[in-house]
Each structure stands twice: as structure tokens, then as C-alpha cells.
2 protein chains.
Amino acid sequence: MAPPAPGDHEARRKDVSEAVWRVLAAKGFGGLTLRAVAAEMGASTGMLTHYFPSKRALVTHALDLLEQDTAGRPRRTPPADGLPTVRAMLLDILPLTPADTARNRIWVSSWDLSLADETLTAQQGDRYARLRDTFRPHLETARGLGEIPSNADTGQLASAAVAFVHGLVVQALFDPGRFPEDVQIAMLDDFVARLAGPGTDTAPGSSRDT
Amino acid sequence: MAPPAPGDHEARRKDVSEAVWRVLAAKGFGGLTLRAVAAEMGASTGMLTHYFPSKRALVTHALDLLEQDTAGRPRRTPPADGLPTVRAMLLDILPLTPADTARNRIWVSSWDLSLADETLTAQQGDRYARLRDTFRPHLETARGLGEIPSNADTGQLASAAVAFVHGLVVQALFDPGRFPEDVQIAMLDDFVARLAGPGTDTAPGSSRDT
DNA sequence: CCCTACATACCAAACGCTTGTTACGTACCT
DNA sequence: AGGTACGTAACAAGCGTTTGGTATGTAGGG
């Protein structure tokens, strides 16, 4: 009955991954149990431990899945250098499709676990640093193009952009009715438009990064 | 041995509340168990059920505690009507003190549970609506004072302000070293300064999509 | 003033259930 | 034959919950 073809080890791991994903989307990390995952794919917990020796390994794999899904998600083709690209990148984060909503929901869900574990806290902190770093070069391009002031602190603006978009994600997750697609986009466009403004005028020689 | 004075029922509930708070600050909602709370106050689980008949009741109480602590926290005296008040209110949210950090950490931790439960999701959504509503009148005052453009959408700006500050909270929680007090304040000041700008000029009759 | 009656406040222990983990058996393919 | 791929089943630990018992208080009657 059960096909033990020894070649599709990776394929079976992928099946497990999809079951993990569905459990996470439905019940979050607090509801991620071996039995829930096993039941989701109509298998036994013994089979799970055949692919993931411990719960910790499964959780780690779930976090990897999250990162992998995030990195591999379909993205908009960058329209033009500078601010339009920043806008497109931020749009790619918002929960505008069911897939984006699930991914964001799982990210937010993971924060409880991440905050309770020192190692995971540091990893999440690094992830945020990397995310900010992906915005920075495009903000520098925008500065070079004169789309934002020449004295703008691109590192700080990257942090601000990530902050704004993730804060919007959280509100949208808790109240999708009040944050439909057009509202989210309008808010994002408004935010990007304000990037072009002066912000706080920093006196020369007073700003340092990191 | 143990004094069962029947008058201090509320006082004892407060003791329980403080133990719950300490457990939440240390281990989040995922680590909130009856035994952990009982151990935290050197008592038994039977005593807990004497004050909270079920785990659900304790969790509900914990969420009430969060709301209560948030509502009752010390706040800055509003400096001047309009934008300065908005800035002060946003400053009151940021994790600048250990108490603020603990409160924010617990809030973020609660989102896993809240997203997994329909009722809690709606409650959190309402909380966000109320939070946005506390900003709106001051933004309208700012508009009346000419601090922000006369065609500004105050409701949208309130959502944006809450989004920005909570997104900043999350990043600061995961990487306190990179978001010390002065960085957080600088980012907030920059954001508030941009509120004074035009944002997206909503020309009547023109629409932009996708 | 003492004795009984009763409610409160709790502890210790056990309940049944779920958790992660492990051991063992078996079907299958090479 | 032997390794791979499972299912079955048990395990101890931890979970929320329940039970039984024991102090400690208050209240009322004699």
C-alpha cells in the first residue's frame, strides 16, 4: 500500500512541508504539533520523525520554509529605478492575495516563539537587518536621482519603510474588512510620496548610521 | 498557616495578575501555563483555579491585564495641540523603558493566539480601531492649525501613524541594540515631520490603480 | 465565653488527555 | 538480504481540570 520508493526522499519532505504550512496558516505556531501535521497529511507521527528527528527540527524547518517561501514568492518586475522600485518592493510585502496573507499571518505568528527564544530572537533580528538592507541601495539610487533629498539617511528610511509596511500588515491581518486592497495601496502610495519630502532636516555632521 | 482572610479576594487576584505578567514577559503567551504561574508565586494550581475557574478565564484575564496596563501606563503630558500631541502619543507607545518593552513584548506575543482564534482576532481588530480613533481628533486639530495639509485624510494618517510606530516596535524588540532610544526618537520625529508634507495629492477625478 | 456550623482559602494529589519521543514490527524495492 | 519507508503502539512528561482534605476565618446559640 504505502510506496517506499527510496528515491523521493526530498519529494516526501516537500509533502510534509506543505502540511506544516497548512497547519501554520490555520493554527499558527502555537498549534503546530506533530500530530496535527501528521493528521493534515493522513499519516502517522512515526513517519514525521522519519524525516524530522525532533520537534525542534520541525520548527526550524518551518521557519526555513517561511524564509524560503518569502524569498521565492512571485514579485512585481521593478518598474523604474529609485522610488518606484521601493514602492513595488513594499507592495510585494502587503497581504493583497491569499498567499501573501497566509505568509504574513505565519510570520506574525512566529514572533511569539521568536521572542521567547534568545537564538530565534537574534535570527529574526538579522532577518530584519537583511530586509532593510534590500531597500537601502534603491533608496540610495532614489537619492542619486533626486527623488529624495540629498541629505536623507537611507538606512533610517529603510527602517521606516519596513516599520510602516509591517505595521500595516498587522492591522490588515486583524481587520481585513477595513484594509482592502485599495486602502492598503493608497496608504502605501501616501507613505512613499512623503519619502520625497524633507523629513527632519539633519544638520550636516550630526548623523551617523547603524 | 495560610491566612484565608475572606476580604482580600481582589488583593489576591492582583497577586495572581502580577505573576501572570511576569510569566508573560519571560515566556510569552506560548509559555503561559497554570503551573508556570503557580510556580511564579510559590503556590499550587489548585489555588489558581480558585480564582480563575479555567485556563481560558486566565488567558482572558491576561488580555484584560494587557489592556488595563496599557491604558493605565504613565504618559507624557501633551505639550501643545496638534502634531506635538500626536508625537507625544506615539512616543508613549515606543519601547523606551523596560516597562514599555515588556508591555510591547507581551502585545506582540499575544498576536499568535489572537490570530488563531476568531473572537480574539475581532477583539484585537477593535482595539486597533480604538487606538486609531485616539489619534484622529488630534490630527484634525493639526489640520485645523495648518500643521498638515487641509485635504489630508486624517483617518488614513491615523492608520499610518499606528502602522509606523508598531512596525518600529517590532523591529526594536528583535534588535534593541540597533534601535536605542535616540534612534527610535529620531525615526519618529522624521515620520512626524513628513506628516506635514503633502503626501499623495488626491486630485478629484483622477484614479490610480494596481 | 465557648461551642458548633459554615464558608473561604488553599494544598496535595490524582484524574484523563495531549504532547514529543522511542521502540518495534512490517511491507516494499533493489 | 538488507536498507528504506512507513504504521502501530507505547512511553514519560506536561497539560488543564477535579477531588478531598485541612486549615483559618466569621456567625450564631447557649
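This one's a predicted model, so the numbers in the text were calculated from it and none came from an experiment. Chain letters run A, B, ... following the sequence lines, proteins first, then strands; residues in each count from 1.
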TODO: Decide yes or no, distance alone: a donor-acceptor N/O pair under 3.5 angstrom between the base of D:dG16 and the side-chain of B:Arg35.
DONE: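 Side chain to base: pair present.
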Protein-nucleotide distance ([X], atom [atom1]; [N], atom [atom2]), rounded to Å:
X       : N      : atom1 : atom2 : value
A:Arg13 : D:dA5  : CZ    : P     : 12 Å
B:His9  : C:dA9  : NE2   : C1'   : 10 Å
A:Leu32 : C:dG20 : CG    : C1'   : 12 Å
B:Glu10 : C:dT8  : CD    : C1'   : 15 Å

Open item on the list: Quick check against the 3.5 Å criterion: does A:Asn104 have a side-chain atom that pairs as donor or acceptor with the backbone of A:Ile93?
Closed with: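 Present.
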Test: [X] and [Y] ion pair at under 4.0 Å:
X        : Y        : answer
A:Arg105 : A:Asp100 : no
A:Arg13  : A:Glu18  : no
B:Asp92  : B:Arg73  : no

- [ ] Can you tell me which residue pairs pass the ring-ring contact (aromatic ring centres under 6.0 Å, His included) test with a partner in residues 78-108 of chain A, sequence neighbours excluded?
- [x]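 Sorted pair list comes back empty.
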TODO: Using a cut-off of strictly less than 4.0 Å between a heavy atom of the residue and any atom of DNA chain C, enumerate the qualifying residues of residues 42-58 of chain A by number.
DONE: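 Heavy-atom contacts with DNA chain C come from A:Thr45, A:Thr49, A:Ser54, A:Lys55.
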Would you give me the side-chain donor-acceptor pairs under 3.5 Å for residues 31-43 of chain B, sequence neighbours excluded?
from    : atom 1 : to      : atom 2 : distance (Å)
B:Thr33 : OG1    : B:Ala36 : N      : 3.0
B:Glu40 : OE2    : B:Arg22 : NH1    : 2.9

Open item on the list: Using every non-hydrogen atom in the two residues, find where B:Val183 and B:Phe179 come nearest and quote the distance to one decimal.
Closed with: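 It is CG1-CD2, 4.1 Å.
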Open item on the list: Is the distance from the ring center of A:Phe164 to that of B:Phe164 below 6.0 Å?
Closed with: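 They do not qualify: ring centres at least 6.0 Å apart.
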Open item on the list: Which residues in residues 14-26 of chain B have a heavy atom closer than 4.0 Å to any atom of DNA chain D?
Closed with: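 The stretch gives none, as no residue of it lies under 4.0 Å from the strand.
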Open item on the list: For DNA chain C, report each stem as range with range, ordered by first number, or say none. Use Watson-Crick or G-U wobble pairs under 3.5 Å, at least 3 in a row.
Closed with: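 Looking at DNA chain C, the stems formed by three or more consecutive pairs are C:1-30 with D:1-30.
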- [ ] Check A:His166, A:Arg132, A:Gln124 against B:Gln171 for a side-chain hydrogen bond (donor to acceptor under 3.5 Å, both in side chains) and give me the one that passes.
- [x]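 The option that passes is A:Arg132.
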Open item on the list: Checking side-chain polar atoms at under 3.5 Å, does B:Thr200 have a donor or acceptor matched by the opposite partner on A:Asp189?
Closed with: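 Checked: B:Thr200/A:Asp189 side chains show no N/O donor-acceptor pair below 3.5 Å.
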Task: Residues which pass ring pair (Phe, Tyr, Trp, His ring centres under 6.0 Å) with B:Phe52, listed by chain and number, not counting sequence neighbours - done: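 Result, ring pair (Phe, Tyr, Trp, His ring centres under 6.0 Å) vs B:Phe52: B:His61.
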